[in-house]
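Written out below as structure tokens is the structure these notes cover.
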Amino acid sequence: MDVLRVYQIDAFTTQRYQGNPAGVVANAAGLDDAQMQLIARELNNSETAFLLPPRDDSHDVHVRFFTPTVEVPVCGHATVAAHYVLALEGGATGWRRQLTGAGVQRIETLDHDGEVRIAIEQGAPSFHATLEPALVAELAAALGVDEDALDPRCPPQFVSTGHGKLLVCLRQRATLQALAPDPAHLVALGPRVGSLGYFAFTLDTPADDDAFTWGRMFAPAIGIAEDPVTGNANGPLGAYLVRHGLLDGDDGERRYRARQTTAQGRGGWMDVVVRVEGGDPAGVRIEGRAVECFRTTLPRE
């Protein structure tokens, strides 16, 4: 019987049951949209990646991403998981061009003595206008904090590197960790701020930690109450930090570690690399590790 090869991968971590879990269907050719959506709903990860043959010579692999309720253009942690599966199944290291709903991305698989890392080149950064004061006040209320909890150095702003988020900076990590936002309020606010997802972060990191930023990610509009580790938030954040003078803006590459955890303590980390040209962010790359949690098969229907 022809079967689907299905994996559960924990991305942006080296520890099983940490990081961000993603489903991966390694041989999804022949599945229709409805079947992909049903599989994603059954696996019930924030995203499941479906690996498909290339459509033309512009790319090497076609990947589609589904939440339990909807298809999304691209997903950072599920991309890490997908290319980790390619490595597990004997795929070569080096560069691949991945076609997604956000266009073609360059993905590099690196292997150093059995340690596999996946590097994702994200799109050119784009910045929406910062939020008007009335929307900032409503955003703070939706997050369940007073306005003075927001870091004045960091105006709330939607930033995209192919798939973006509204970035919201808090003064203190304790406030970040204690956040209990109102999901319905965030969903209602989404069309007015131009974002389905909200990435709250802080630069208030412990002196003994190797991370430059800590974050939490909320996207109830697409069925994700809280995401453990988010490549499509931490990537845009790197560009944002350069734009607002919070990360060295000298030309060249700027690298830092980004950490993210949920209220329940599940999380992980990635390295963010921002290419700076003329003092402005010109490109972003994120790099992450992964670990296999389990694999199984499903019959094709």
Exercise. Who else is in Leu43's hydrophobic cluster (ILVMFWY, side-chain heavy atoms under 4.5 Å, direct or via others)?
Worked result: Leu4, Val6, Val25, Leu31, Met36, Ile39, Phe50, Leu52, Phe66, Leu298
For this session: Check the hydrophobic clustering (I, L, V, M, F, W, Y; side-chain heavy atoms under 4.5 Å; chains of links allowed) and say if Tyr240 and Val193 are grouped together.
Result: no
Problem set entry | Working for salt bridge (Lys or Arg N to Asp or Glu O under 4.0 Å), residues Arg173 and Asp204 | CA-CA 6 Å; Arg173 190 163 62 93; Asp204 175 32; 5.5 Å; no
Problem set entry | Asp146 (side chain) donor-acceptor with Asp148 (main chain) under 3.5 angstrom | no
Exercise. Taking the side chain from Asp32 and the backbone from Gln35, do they hold a donor-acceptor pair closer than 3.5 Å?
Worked result: yes
Exercise. So, the side chain of Glu292 versus the backbone of Val85: is there a donor-acceptor pair under 3.5 Å, distance only?
Worked result: no
Exercise. Less than 4.0 Å between a side-chain N and a carboxylate O, is that true for Arg285 and Glu253?
Worked result: yes
Exercise. So, Asn45 side chain and Thr48 main chain: donor-acceptor pair closer than 3.5 Å or not?
Worked result: no
Exercise. Has the side chain of Thr230 got a donor or acceptor atom that lies under 3.5 Å from a matching backbone atom of Ala233?
Worked result: no
Exercise. Is the charged tip of Arg243 near the ring of Phe127: under 6.0 Å from the six-membered ring centre and within 45° of its axis?
Worked result: yes
Exercise. Do the side chain of Gln37 and the main chain of Pro68 share a donor and acceptor less than 3.5 angstrom apart?
Worked result: yes
For this session: For Asp227 and Arg216, run salt bridge (Lys or Arg N to Asp or Glu O under 4.0 Å): C-alpha distance rounded to whole Å, both residues' side-chain angles, the deciding distance at 0.1 Å, then the answer.
Result: CA-CA 7 Å; Asp227 198 41; Arg216 292 179 65 190; over 6 Å; no
For this session: Give every residue pair that meets the side-chain hydrogen bond (donor to acceptor under 3.5 Å, both in side chains) criterion with at least one member in residues 76-90, sequence neighbours excluded.
Result: Arg5-Glu89, Tyr7-Glu89, Asn20-His77, Ser46-His77, Thr79-Gln98, His83-Gln98
Exercise. Should the pair Arg255-Glu287 be classified as a salt bridge under the 4.0 Å nitrogen-to-oxygen rule?
Worked result: yes
For this session: Run the numbers on Glu277 and Arg275 for salt bridge (Lys or Arg N to Asp or Glu O under 4.0 Å), then give the verdict.
Result: CA-CA 7 Å; Glu277 296 177 359; Arg275 188 176 77 256; 3.1 Å; yes
Exercise. Can you hop from Val229 to Leu203 via hydrophobic side chains spaced under 4.5 Å?
Worked result: yes
Exercise. Is the backbone N or O of Thr93 less than 3.5 Å from a side-chain atom of Thr109, with the two atoms forming a donor-acceptor pair by type?
Worked result: no
Exercise. Does some side-chain heavy atom of Gln157 sit less than 4.5 Å from a side-chain heavy atom of Val159?
Worked result: yes
Exercise. Going by the angle between their ring planes, with limits at 30° and 60°, are His59 and His62 parallel, tilted or perpendicular?
Worked result: perpendicular
Problem set entry | Partner set under side-chain contact (heavy atoms from CB on, under 4.5 Å) for Pro53, not counting sequence neighbours | Ala29
Exercise. For Pro181, what residues pass the side-chain contact (heavy atoms from CB on, under 4.5 Å) criterion, not counting sequence neighbours?
Worked result: Leu143, Leu179, Leu186, Phe218
Problem set entry | Polar side chain donor-acceptor pair, Gln122 to Thr161, under 3.5 angstrom | yes
Seminar exercise, completed: Heavy atoms of Ile120 and Gly76 approach each other most closely as CD1-O, 3.6 Å
Exercise. Is Arg96 salt-bridged to Asp60, going by a charged N under 4.0 Å from an acidic O?
Worked result: no
For this session: Check the hydrophobic clustering (I, L, V, M, F, W, Y; side-chain heavy atoms under 4.5 Å; chains of links allowed) and say if Val74 and Ile9 are grouped together.
Result: yes
Exercise. Taking the side chain as C-beta and beyond, is there a heavy-atom pair between Pro21 and Gln8 under 4.5 Å?
Worked result: yes
Problem set entry | For the student: nearest non-hydrogen atoms of Arg97 and Asp57, plus distance | NH1-O, 3.1 Å
Exercise. Quick one: do Phe201 and Val242 end up in the same hydrophobic cluster if we chain Ile, Leu, Val, Met, Phe, Trp and Tyr together by side-chain heavy atoms under 4.5 Å apart?
Worked result: yes
For this session: Decide whether Leu196 and Leu167 are clustered together by the hydrophobic rule: side chain heavy atoms of Ile, Leu, Val, Met, Phe, Trp, Tyr closer than 4.5 Å, transitively.
Result: yes
For this session: Please tell me if the side chains of Glu47 and Val72 come closer than 4.5 Å, counting only heavy atoms from C-beta onward.
Result: yes
For this session: Look only at the side chain of Gln18 and the backbone of Gly267, and say whether a donor-acceptor pair between them is shorter than 3.5 Å.
Result: yes
Problem set entry | Sequence-distant partners of Asp210, side chain to side chain donor-acceptor pair (under 3.5 Å), two or more places apart | Arg257, Arg259
Problem set entry | Nearest heavy-atom neighbours spanning Leu176 and Trp214 | CD2-O, 3.7 Å
Exercise. Under 3.5 Å, side chain of Tyr198 to main-chain N/O of Leu139, donor-acceptor pair present?
Worked result: no
Problem set entry | Considering all heavy atoms, the nearest Ala119-Leu110 contact | CB-CD1, 4.2 Å
Problem set entry | N-O pairing of Asp10 and Arg266 below 4.0 Å | yes
Seminar exercise, completed: By side-chain contact (heavy atoms from CB on, under 4.5 Å), Arg192 pairs with (sequence neighbours left out) Leu135, Glu138, Leu189
Exercise. Is Asn27 reaching over with its side chain to a backbone N or O of Leu51, donor-acceptor style, under 3.5 angstrom?
Worked result: no
Seminar exercise, completed: For Ala219 and Gly197 the tightest heavy-atom approach is CB-CA, 4.1 Å
